[in-house]
Amino acid sequence: IIFIGSIYILYKIRIRKLHKRQQELENLVQLRTSDLLEEKNKSDSLLLNILPVSIAKRLKSGEKAIADRFEDTTVLFADIVNFSELALEVSASQLLLYLNSLFSEFDLLTEEFGIEKIKTIGDAYMAASGIPDVISNHKELMVEFAFKMLDKIELVNRKLGTKMEMRIGIHSGSVVAGVIGKKKFIYDLWGETVNLASRMEQHGKPGKIHVSEEIFHSLSHLYNFEELNEEHIKGAGLSKTYNCLDRKKN
């Protein structure tokens with residue numbers, strides 16, 4: 001009887017140890033699952049920070065080569081005037097503060113207007129409207145976005161005590177858009193529309209929204225424009241361009 005009792009006690013101890021080990025393993029699995037879920041959420045969040053939502057979903061679904069042609073979209077370039085000179089006058093931390101303060105405001109505006117930020121190139125900001133989700137009023141949205149950009153730069157100047165100015169250029173047309181890169185993804189645009197939007201910015205004046213004839217003809221019923229002298233635009237030849245001044249009163 002004593003022997004059987006000892007065996008029973010050892011059995012109970014063994015069972016408790018097994019239950020304890022099982023619980024430890026279950027806790028470990030739950031913890032690991034939680035860690036994996038947290039890492040997945042971080043990865044998804046990072047992907048959404050650098051890619052449009054619809055593009056990120058396509059990439060996660062396993063689509064390898066993402067490239068689309070859009071026949072009608074609007075591209076904007078904005079550039080800080082005399083930025084190179086400013087970079088020589090202030091410290092690196094100040095320069096970063098200026099850029100981050102300004103571009104963060106622009107990023108918030110993209111969410112407000114449904115504009116897609118494409119990238120920043122030094123002190124230049126590139127955005128597009130009508131991609132990757134097609135919308136009919138992309139030209140109007142981009143012009144409104146541009147006016148708000150000018151408001152924001154004034155706000156940042158008052159806040160920081162700076163005197164930054166920007167040239168803004170806008171053009172509409174067809175583009176090819178897609179994802180490039182394997183580890184560091186970027187959603188980018190290509191085509192003559194991109195080049196001409198860049199030329200609009202380069203030929204523009206500080207504080208002005210310089211637009212192509214395409215924008216003028218599409219939006220002349222909504223906005224007041226200033227017609228400029230014809231000039232030679234690389235890739236387009238002798239061209240009429242305009243400054244968009246303000247929205248027409250009803």
Query raised in the report: Would you call E144 and R247 a salt bridge, taking side-chain N to carboxylate O under 4.0 Å as the test?
Result: yes
Query raised in the report: Given side chains that start at C-beta, do those of I186 and V179 come closer than 4.5 Å, heavy atoms only?
Result: no
Requested in this report: Verify the cluster assignment for V143 and M200: are they in a single hydrophobic cluster under the rule of side-chain heavy atoms below 4.5 Å apart?
Outcome: no
Report task. Let me see the working for S101 and L160 under side-chain contact (heavy atoms from CB on, under 4.5 Å), right down to the final yes or no. Result -> CA-CA 9 Å; S101 298; L160 300 179; 4.0 Å; yes
Query raised in the report: Is I55 close to I66 at the side-chain level, that is, under 4.5 Å between some pair of heavy atoms?
Result: yes
**Report entry** Approximate separation, where rounding is to 0.5 Å, of L150 CG and I168 CD1
**Finding:** 4.0 Å
**Report entry** Chi angles and distances behind the side-chain contact (heavy atoms from CB on, under 4.5 Å) call for Y242, E213
**Finding:** CA-CA 7 Å; Y242 304 79; E213 197 167 13; 4.1 Å; yes
Query raised in the report: Given side chains that start at C-beta, do those of I115 and L76 come closer than 4.5 Å, heavy atoms only?
Result: no
Query raised in the report: Do the side chains of M166 and L109 join up, straight or via other hydrophobic residues, at under 4.5 Å, putting them in one cluster?
Result: yes
Query raised in the report: Below 4.5 Å, heavy atoms only, C-beta onward: do Y187 and K119 meet side chain to side chain?
Result: no
Query raised in the report: Which one of N224, I215, L219, I209 satisfies the side-chain contact (heavy atoms from CB on, under 4.5 Å) criterion with C244?
Result: I209
Query raised in the report: Can you find a heavy atom in the side chain of D72 that is under 4.5 Å from one in the side chain of H138?
Result: yes
Query raised in the report: In the single-linkage hydrophobic clustering (I, L, V, M, F, W, Y; side-chain heavy atoms under 4.5 Å), do I170 and L222 co-cluster?
Result: yes
Query raised in the report: Do any N or O atoms from the side chain of E154 and from the backbone of D151 form a donor-acceptor pair under 3.5 angstrom?
Result: no
Query - F103-V75 co-clustered via ILVMFWY side chain contacts under 4.5 Å - result: no
Query raised in the report: Does L86 reach the side chain of Y98, with side-chain heavy atoms less than 4.5 Å apart?
Result: yes
Query raised in the report: Salt bridge or not for D68 and R58, using N-O below 4.0 Å?
Result: yes
Query - Side chains of T120 and F106 in contact at under 4.5 Å (non-hydrogen atoms) - result: no
Query raised in the report: Out of D123, V156, V81, which residue meets the side-chain contact (heavy atoms from CB on, under 4.5 Å) rule with M164?
Result: V156
Query - side-chain contact (heavy atoms from CB on, under 4.5 Å) evaluation trace for T73 with L189 - result: CA-CA 11 Å; T73 188; L189 309 180; 5.8 Å; no
Query - Rounded distance [0.5 Å steps], CG in D79 versus CZ in R167 - result: 5.0 Å
Query raised in the report: Counting only N and O atoms by type, is there a donor-acceptor contact under 3.5 Å from the side chain of S174 to the main-chain atoms of E71?
Result: no
Query raised in the report: What's the spacing between M142 CE and M149 CE if we round to 0.5 Å?
Result: 9.0 Å
Query raised in the report: Rounded to the nearest 0.5 Å, what separation is found between the CZ atom of F113 and the CD atom of E111?
Result: 12.5 Å
Query raised in the report: Which atom names give the shortest non-hydrogen contact between S220 and K248, and what distance separates them?
Result: O-NZ, 2.7 Å
Report task. Drop me the distance from N82's CG to L88's CG, to the nearest 0.5 angstrom. Result -> 11.0 Å
Query raised in the report: Same hydrophobic cluster for L97 and L95, using side-chain heavy-atom links shorter than 4.5 Å among ILVMFWY?
Result: yes
Query raised in the report: What class does the angle between the rings of F145 and Y125 fall in, given that below 30° is parallel, 30 to 60° is tilted and above 60° is perpendicular?
Result: tilted
Query raised in the report: Distance only, no hydrogens: is a donor on one side chain within 3.5 Å (strictly under) of an acceptor on the other, for S212 and H171?
Result: yes
Report task. Indicate whether any N or O donor in one side chain lies under 3.5 Å from an N or O acceptor in the other, for Q202 and S198. Result -> yes
Report summary line: In this structure, CG of N157 is separated from NZ of K159 (nearest 0.5 Å) by 12.0 Å
**Report entry** Contact check, side chains of T110 and E116, non-hydrogen atoms, under 4.5 Å
**Finding:** no
Query raised in the report: Passes side-chain contact (heavy atoms from CB on, under 4.5 Å), D107 versus K117? Steps please.
Result: CA-CA 7 Å; D107 288 349; K117 175 185 176 180; 3.1 Å; yes
Below 3.5 Å, can you tabulate the donor-acceptor pairs from side chains in residues 226-237 to any protein atom, sequence neighbours excluded?
from, atom 1, to, atom 2, distance (Å)
E226, OE1, N243, ND2, 3.2
E231, OE1, H203, ND1, 3.0

Query raised in the report: Any side-chain donor paired with an acceptor under 3.5 Å for S239 and T241?
Result: no
